[in-house]
Amino acid sequence: MNPSTLTKILPPLILTTALTACGGANSDPHASPTAAPSAGAPAVAPKTESLPADGGDVGKAYAELVSAYQTLDNAKASRHVDGDDGSGDPLTRKEADGYLADMLPMHPVGGLRQADRATLFLDGNNKHSSYSASLVNGNWRFDQANVSTWEETPESASCKTSSRFPCVVTTFPDSRVAGTSVVYRDAPNNSAMPGSSELLDGYGVRMFDATTKQLRYTRLILSNTGFQPHELTSTYVQFWQGTLLLEISPDTKHATLILSNANHGEDFPRVDVTKELSLDTSKPNRVSGHLSIDNKAMAKVDVTFDIATASECAVIETDCLPD
């Protein structure tokens, strides 16, 4: 299946993932967690940087991949697609034309990079894309053979007054994420994880009970894929392979780490990380902290973050706009 088609039919995982409440339902949904800061929560040392408008070396790799599809150059294409060692069936004209239909209208508009992990932002014909890649043996190798695109949506107009998700959500540099998540590929269903482990970006959403209006938990997204600003003006946000979700109880005394893994559908691997997570919630509508854990069934994670949590959403809703 064409990856861009797949993106269009996937459910909005941010709101429909099977959820497990991490704590009580007796807090104000309009407030950040209020527990005292944990001792030793380190300050964030952001390492993520913005790509130039043309995408820099990542943008050049994108142009080379497009050129390879145009000329059916299998060797060149395999250098820029993760998991392609050139030993598979040769690229056909039909396959290449299907990729080019999505890629040719798109052009780089910047992106994010940390070490050997980057996300190229693409725009074109009222469509947008986040195309992530890892630097492997000197070549930028994209996570998939084709871009996944989404169209402009009208919901963003509601963000002028709304505090619901995805309004108020911000991305780098406001939300700072620095660290790594090395997924154990030999664990069940983890073989399709990205080729590198840097965490680039993140955001937070306070999830409240639709009936009682009480805070159920605060969800933090820590991603190895950068979120293009256009992506966060829609109620649909894709969780890419390897994205981490932290769900923190209202009293901050319990926390669950969840690994987004499409091979599990919505039954993502999860583990309690209460003891391994340190938090500072002293700033209104922000949470910062550090997580260090080594779970052989999931991943080895060492990440520091400082993320806004002003946006809110009802747990059972699939569309949090308008208010």
Side-chain angles (χ1 to χ4, degrees), residues 2-14 48-63 65-66 80-82 99 101-135 140-153 155-156 165-166 169-177 181 192-203 205 221-245 260-262 307:
N2 187 313
S4 62
T5 302
L6 179 61
T7 296
K8 294 172 184 175
I9 64 175
L10 281 171
L13 297 181
I14 180 119
T48 300
E49 61 185 8
S50 296
L51 294 176
D54 64 359
D57 290 342
V58 190
K60 291 178 182 178
Y62 178 77
L65 183 56
V66 169
H80 293 299
V81 178
D82 192 30
Y99 297 155
D102 292 321
M103 299 175 76
L104 280 174
M106 310 298 287
H107 61 275
V109 288
L112 302 178
R113 176 181 177 178
Q114 183 188 144
D116 62 355
R117 183 68 178 166
T119 296
L120 182 66
F121 296 159
L122 301 165
D123 279 353
N125 291 351
N126 293 321
K127 292 185 178 181
H128 311 284
S129 180
S130 296
Y131 201 29
S132 291
S134 300
L135 187 60
W140 283 103
R141 302 175 67 89
F142 293 97
D143 290 354
Q144 53 191 17
N146 191 11
V147 298
S148 298
T149 63
W150 66 91
E151 297 183 9
E152 291 278 11
T153 60
E155 292 109 340
S156 58
F165 176 82
V169 167
T170 51
T171 186
F172 175 87
D174 181 78
S175 293
R176 297 178 293 167
V177 178
S181 172
M193 293 292 104
S196 65
S197 58
E198 281 75 18
L199 295 169
L200 298 177
D201 208 350
Y203 60 89
V205 184
I221 285 73
L222 307 174
S223 180
N224 55 24
T225 295
F227 294 100
Q228 192 187 51
H230 287 286
E231 190 174 4
L232 294 174
T233 61
S234 169
T235 52
Y236 174 76
V237 177
Q238 170 77 30
F239 281 168
W240 300 106
Q241 292 273 69
T243 301
L244 301 178
L245 291 75
S260 172
N261 184 338
I307 294 177

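Index from 1, following the sequence. This one's a predicted model, so the numbers in the text were calculated from it and none came from an experiment.
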Let's go through F172 and Q114 carefully: what are the C-alpha distance in whole Å and the side-chain angles of both, what is the deciding distance for side-chain contact (heavy atoms from CB on, under 4.5 Å) to 0.1 Å, and is it a yes or a no? CA-CA 12 Å; F172 175 87; Q114 183 188 144; over 6 Å; no
side-chain contact (heavy atoms from CB on, under 4.5 Å) assessment of Y62 paired with L122: CA-CA 10 Å; Y62 178 77; L122 301 165; 3.8 Å; yes
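- The side-chain contact (heavy atoms from CB on, under 4.5 Å) test applied to D123 returns H107, V109, H128, Q228, H230, not counting sequence neighbours.
- Closest approach of P108 and L120 over heavy atoms only: CB-CD1, 3.9 Å.
- Nearest heavy-atom pair, T119 versus G226, reported as atom, atom and distance to 0.1 Å: OG1-N, 2.7 Å.
- Scanning both residues, S223 and F227, for their nearest heavy atoms gives CB-CE1, 3.6 Å.
- When all heavy atoms are compared, the tightest approach of W140 to A61 is CB-CB, 3.7 Å.
- Atom CG of D57 is separated from atom CZ of R113 by 7.0 Å, given to the nearest 0.5 angstrom.
- Closest heavy-atom contact between D143 and S134: OD1-OG, 4.4 Å.
- A distance of 5.0 Å separates CG in L245 from CD1 in I221, rounded to the nearest 0.5 Å.
- To the nearest 0.5 Å, atom OG1 of residue T149 and atom CG of residue N126 are 11.5 Å apart.
- How far CG of L112 is from CD of E198: 13.0 Å, rounded to the nearest 0.5 Å.
- At a threshold of 4.5 Å between non-hydrogen side-chain atoms, the residues S129 and F121 do not count as touching.
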Before you tell me yes or no, could you show the steps for T48 and V177 under side-chain contact (heavy atoms from CB on, under 4.5 Å), namely the whole-Å CA-CA distance, both residues' side-chain angles and the distance that decides it to 0.1 Å? CA-CA 7 Å; T48 300; V177 178; 5.7 Å; no
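- Annotation: the span from D102 atom CG to N125 atom CG amounts to 11.0 Å, rounded to 0.5 Å.
- Between D201 and R117, no side-chain nitrogen of the basic residue sits less than 4.0 Å from a carboxylate oxygen of the acidic one, so the salt-bridge criterion is not met.
- Considering every non-hydrogen atom in both I307 and Y203, the closest pair reads CG2-C, 3.3 Å.
- With hydrogens and angles ignored, the 3.5 Å screen pairs a side-chain donor or acceptor of Y131 with a backbone N or O of Q144.
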